[in-house]
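Structure first, then comments.
In what follows, residues are counted from 1 in the order of the sequence shown. Values below: every heavy atom of this structure, side chains too, minus hydrogens, waters and symmetry copies.
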Amino acid sequence: MESSEQKRKKRKWPWIIGVFLVMIIGYMWSVYSNLSTNIHEMHEEIDRGKSDLREEQVDLNKKEPFSILLLGVDQRENDKGRSDTIIVLTVNPEMESTKMVSIPRDTYTKIVGHGTTDKLNHAYAFGGIEMSMASVENLLGIPIDYVTEVNMEGFQDIVDAVGGITVKSPLAFKEEGYSFPKGKVKLDGEKALAYVRMRKEDPNGDFGRQERQKQVVQAILDKGISVSSLWKYKDIFNALGNNISTNLTFNEMMELQKNQKSAIGSIEQLYFKDGQGQTMNSIWYYIMNKEELSDISAALKTHLNLK
């Protein structure tokens with residue numbers, strides 16, 4: 001026969017478990033509510049329908065391959081800004097893989113909608129996101145389905161929100177008053193911004209900077225999904241909402257998180273490295289190697305299941 005003490009313990013445990021569940025549910029709702037609010041802030045409609053290179057709009061619910069253009073925009077005072085970081089990702093859910101390629105910002109190419117041939121990063125200054133998407137599509141010969149724009153000035157807020165990051169610097173250098181040794185480096189927001197901006201001391205020039213940019217993006221992603229960042233979710237979502245805009249809707253982002261994170265988590269990097277610099281009218285441009293451009297374009301098309 002149970003004692004009165006045992007009966008009290010039996011009554012106590014369901015109450016404690018109930019309170020614990022309420023706390024967990026409350027926490028999850030708070031995460032969802034903040035996530036929803038900030039993603040709605042991040043969402044920005046663009047003046048562009050489906051790509052002209054697609055017969056039908058991509059349907060993420062059907063796990064169709066798609067592409068995303070990532071623009072890192074450095075905006076200065078009284079200046080619309082230029083896209084100093086231009087990265088294209090193609091995602092194939094069935095293959096559970098992602099291909100990523102950085103395009104040199106000084107690439108000499110047609111600026112679609114402006115009637116000129118110029119540096120690719122000028123497309124953003126001339127016509128914003130829409131002109132950037134059209135010009136990248138024309139260069140690579142693939143449809144660009146989605147776009148995400150990151151304000152590089154606010155980039156440091158995102159790094160600070162995840163509690164800082166650690167990267168492996170390929171060389172020792174100084175930038176904006178900071179000294180970066182070769183090897184593992186811990187970065188807060190300000191240091192991360194200096195780390196990705198340096199170009200003159202890098203023997204690989206803009207290509208070296210692209211590699212450091214991708215390092216930092218990957219480090220943020222890794223830190224952002226770690227258990228240690230769960231309690232910082234409000235700071236993370238606020239930083240994202242304030243510094244990122246995308247035409248992905250809330251439902252589409254939830255679809256990516258739910259069903260396609262394995263594909264996005266497996267990244268193969270492609271490189272433009274065979275082009276040459278050329279000065280025209282006292283301005284330096286990067287001239288793509290036609291064969292290399294054709295090979296990368298073909299690889300991306302195949303990954304998107306396009307003929």
**Request:** Evaluate the side-chain proximity of Leu120 to His122: yes if any heavy-atom separation is below 4.5 Å, no if none is.
**Result:** no

**Asked** Side-chain contact, heavy-atom cut-off 4.5 Å: Val73 with Thr85?
**Response** no

**Request:** List the steps and the verdict of salt bridge (Lys or Arg N to Asp or Glu O under 4.0 Å) for Lys174 and Asp202.
**Result:** CA-CA 10 Å; Lys174 295 181 179 180; Asp202 197 312; over 6 Å; no

**Item:** Trace of the side-chain contact (heavy atoms from CB on, under 4.5 Å) decision for Asp188 with Val159
**Value:** CA-CA 6 Å; Asp188 61 14; Val159 175; 5.6 Å; no

**Request:** Given side-chain contact (heavy atoms from CB on, under 4.5 Å), test Ile158 with Gln156 step by step and report yes or no.
**Result:** CA-CA 5 Å; Ile158 300 173; Gln156 58 187 2; over 6 Å; no

**Item:** Cluster link Phe272 to Leu69, ILVMFWY, side chain under 4.5 Å
**Value:** yes

**Asked** Going hydrophobic residue to hydrophobic residue with side-chain gaps under 4.5 angstrom, can you get from Val88 over to Val112?
**Response** no

**Request:** Look only at the side chain of Thr116 and the backbone of Asp118, and say whether a donor-acceptor pair between them is shorter than 3.5 Å.
**Result:** no

**Asked** When you check the side-chain N and O atoms of Tyr146 and Glu252, is any donor under 3.5 Å from an acceptor?
**Response** yes

**Complete:** To the nearest 0.5 Å, atom CG of Leu139 lies from atom OG1 of Thr109 at 4.5 Å

**Request:** Assess whether side-chain hydrogen bond (donor to acceptor under 3.5 Å, both in side chains) is satisfied between Tyr178 and Glu190, documenting all intermediate values.
**Result:** CA-CA 9 Å; Tyr178 294 108; Glu190 286 191 5; 2.9 Å; yes

**Request:** For residues Met280 and Gln278, determine if any side-chain heavy atom of one lies less than 4.5 Å from a side-chain heavy atom of the other.
**Result:** yes

**Prompt:** Looking only at heavy atoms, which two atoms of Ser169 and Pro181 are closest? And how far apart?
**Reply:** CB-O, 3.4 Å

**Prompt:** Got a second to check how far Lys200's NZ is from Arg209's CZ, nearest 0.5 Å?
**Reply:** 11.0 Å

**Side-chain donor/acceptor of Ser294 to backbone N/O of Lys290, under 3.5 Å** = no

**Asked** What are the two closest heavy atoms between Ile111 and Ser135, and how far apart are they?
**Response** CA-OG, 3.5 Å

**Prompt:** Between the side chain of Tyr286 and the main-chain N/O of Gly275, is any donor-acceptor distance below 3.5 Å?
**Reply:** yes

**Prompt:** Crowded around Lys50 NZ? As in, over 12 foreign heavy atoms under 6.0 Å?
**Reply:** yes

**Request:** Rounded to the nearest 0.5 Å, what's the gap from OG1 on Thr166 to NZ on Lys186? Could you check?
**Result:** 5.5 Å

**Prompt:** Do the side chain of Glu201 and the main chain of Phe173 share a donor and acceptor less than 3.5 angstrom apart?
**Reply:** no

**Request:** Carefully, step by step, assess Leu300 and Leu270 under the rule side-chain contact (heavy atoms from CB on, under 4.5 Å).
**Result:** CA-CA 10 Å; Leu300 296 177; Leu270 307 177; 3.9 Å; yes

**Prompt:** In terms of hydrophobic clustering (I, L, V, M, F, W, Y; side-chain heavy atoms under 4.5 Å; direct or indirect links), are Val150 and Val162 co-clustered?
**Reply:** yes

**Over all atoms of both residues, closest heavy-atom pair of Glu130 and Asp47** = OE2-N, 3.0 Å

**Request:** Quick one: pull up OG in Ser67 and CG in Leu53 and give me the separation to the nearest 0.5 Å.
**Result:** 9.5 Å

**Prompt:** Does a donor on one side chain and an acceptor on the other come within less than 3.5 Å for Tyr124 and Glu149?
**Reply:** yes

**Prompt:** Quick one: do Ile87 and Ile68 end up in the same hydrophobic cluster if we chain Ile, Leu, Val, Met, Phe, Trp and Tyr together by side-chain heavy atoms under 4.5 Å apart?
**Reply:** yes

**Complete:** Output for pair (Glu64 CD, Glu94 CD), nearest 0.5 Å, gives 9.5 Å

**Item:** Residue among Glu176, Gln215, Arg212 satisfying side chain to side chain donor-acceptor pair (under 3.5 Å) with Tyr195
**Value:** Gln215

**Prompt:** For the residue pair His114 and Phe126, does the interplanar ring angle fall in the parallel (under 30°), tilted (30 to 60°) or perpendicular (over 60°) class?
**Reply:** parallel

**Request:** Work out which heavy atom in Asn121 is nearest to a heavy atom in Ser83; give both atom names and the distance.
**Result:** CB-O, 3.2 Å

**Fill in**
For Asn247 and Asp145, the nearest pair of non-hydrogen atoms, with its separation, is ND2-O, 3.6 Å

**Request:** Could you tell me whether the side chain of Gln269 reaches within less than 4.5 Å of the side chain of Glu211, counting heavy atoms only?
**Result:** yes

**Request:** Flag the pair Trp284 / Asp106 as yes when at least one side-chain heavy-atom distance between them is below 4.5 Å, and no otherwise.
**Result:** yes

**Item:** Pairing of Asp295 and Lys273 as salt bridge, 4.0 angstrom limit
**Value:** no

**Request:** Kindly say whether Asp274 contributes a backbone atom to a donor-acceptor pair with the side chain of Glu292 at under 3.5 angstrom?
**Result:** yes

**Message:** Could you walk me through whether Met288 and Thr107 satisfy the side-chain contact (heavy atoms from CB on, under 4.5 Å) test, starting with their C-alpha distance in whole Å, then the side-chain angles of each, then the deciding distance to 0.1 Å, before giving a yes or no?
**Reply:** CA-CA 7 Å; Met288 287 279 188; Thr107 297; 3.8 Å; yes

**Request:** Sort out for me which residue in Val91, Val58, Asn92 forms a side chain to side chain contact (heavy atoms under 4.5 Å, CB included) with Pro65.
**Result:** Asn92

**Message:** Would a single hydrophobic cluster contain both Ile86 and Ile46, if residues Ile, Leu, Val, Met, Phe, Trp and Tyr are joined by side-chain heavy-atom contacts under 4.5 Å?
**Reply:** yes

**Prompt:** Given side chains that start at C-beta, do those of Phe180 and Lys191 come closer than 4.5 Å, heavy atoms only?
**Reply:** yes

**Prompt:** Does a side-chain heavy-atom distance below 4.5 Å link Thr98 with Thr90?
**Reply:** no

**Asked** So do His303 and Ile142 actually touch side chain to side chain, heavy atoms under 4.5 Å?
**Response** no

**Gap between atom CG of Leu140 and atom OG of Ser297 - 0.5 Å precision** = 6.5 Å

**Request:** Report, as yes or no, whether the 6.0 Å neighbourhood of atom NZ on Lys99 holds more than 12 heavy atoms from other residues, nucleotides or ligands.
**Result:** yes

**Asked** Any Lys/Arg nitrogen of Glu137 or Arg48 sitting under 4.0 Å from an Asp/Glu carboxylate oxygen of the other?
**Response** yes

**Prompt:** Under 6.0 Å from the six-membered ring centre of Phe66 and within 45° of its axis: does the NZ or CZ of Arg54 meet both?
**Reply:** no

**Prompt:** Do you know which two heavy atoms are closest between Pro170 and Lys182, and how far apart they sit?
**Reply:** O-CE, 3.6 Å

